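FYI, side chains are in, hydrogens and waters are out, and symmetry mates aren't considered; it's all heavy atoms of this structure. Residues: numbered from 1 along the sequence shown. In each ligand, atom 1 is the first atom listed, and ligand 1 is the first ligand listed. Since we're looking at a predicted model, the values are computed, not measured.
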Amino acid sequence: MKVLVTGFEPFNREKINPSYEVVKALPSKIENAEIVKKKIPVVYGDSIETVIEGIKTVSPNIVIMLGQAGGRSCITVERVAINVNDSTAPDNLKNVLKGEPVVKGGPVGYFSTLPIYRIVKGLTRAKIPADISNTAGTFVCNSLFYGVMHYIFENELDIMAGFIHVPYLPIQTLKKPHLPSMSFEEITKGVKKAIMVSVKEYRLKYV
Ligand code: PCA
């Protein structure tokens, strides 16, 4: 059993991205499933291509994509990806997209196939603040989430997949102290737990 876990490179003048910092710290096995890690560029199309390439080479059973949601106060498990790219912020190749589809002619949205309620319950039980989020935004994270779900759906792959946003690390909020953050240890523990819950659910459902 294999889990592909992805995190993003830094963007928007940040020096680090907590999503990839956490990915790097994950053990190579969780619940006896192999953890394969990948760093993703914060670029609209390239991010999707990078994960698809990962899916092709790794053949994972589960894909968990992580991203930074600066300003959120807890770990948020995304429910849905929508077919919209729209942001005033440029991606890392300076692309600014305004109201364009991620996939031309694609469906409006895709739901996460991760056990989102169980993950939130598992984290809360472990005393790690977590919630379901009903929007992954309309920037690169949502775009990646949509693009990967579309690929899985179109190719009828038996892959459980979804997206989880993590808050800033304390070090990132030194110059914006009004914004919330969560410690590296707590985020890492939370992501590990989310993977554990997903692996258990996958075994129940598919194996
Ligand atoms: N967060 C951004 C893109 C990369 C990341 O880590 C987002 O939420 O869209």
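Close contacts between ligand 1 and Gly67 involve ligand atoms 6 (O) [criterion: under 4.0 Å to a heavy atom]. Within ligand 1, counting atoms from 1 as listed, the ones closer than 4.0 Å to a heavy atom of Phe139 are 2 (C), 3 (C), 7 (C), 9 (O). Within ligand 1, the atoms closer than 4.0 Å to a non-hydrogen atom of Gln68 are 1 (N), 2 (C), 5 (C), 6 (O), 8 (O), numbered from 1 in the order shown. Atoms of ligand 1 found under 4.0 Å from any heavy atom of Asn17 (numbered from 1 in listed order, with element): 5 (C), 6 (O).
We find that Lys192 and Glu185 are not joined by a salt bridge, their nearest charged nitrogen and carboxylate oxygen being 4.0 Å or further apart. In this structure, Glu34 does not pair ionically with Lys29, as no charged nitrogen and carboxylate oxygen lie closer than 4.0 Å.
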Can you check side chain to side chain contact (heavy atoms under 4.5 Å, CB included) on Asp46 and Leu93, steps first, answer last?
CA-CA 10 Å; Asp46 295 357; Leu93 284 183; 4.0 Å; yes

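The CG atom of Asn92 sits 4.5 Å away from the CD atom of Glu9 when rounded to the nearest 0.5 Å.
By the 30° and 60° cut-offs, the orientation of the rings of Phe139 relative to Tyr44 is perpendicular.
Atom 7 (C) of ligand 1 has as its closest protein heavy atom Cys141 SG, 2.7 Å.
Close N/O approach between Asn142 and ligand 1 is not found [any backbone or side-chain N/O within under 3.5 Å]. By the 3.5 Å distance cut-off applied to N or O atoms, His165 is counted among the residues near ligand 1.
Taking every heavy atom of both residues into account, Ile16 and Gln68 meet most closely at O-OE1, 3.9 Å.
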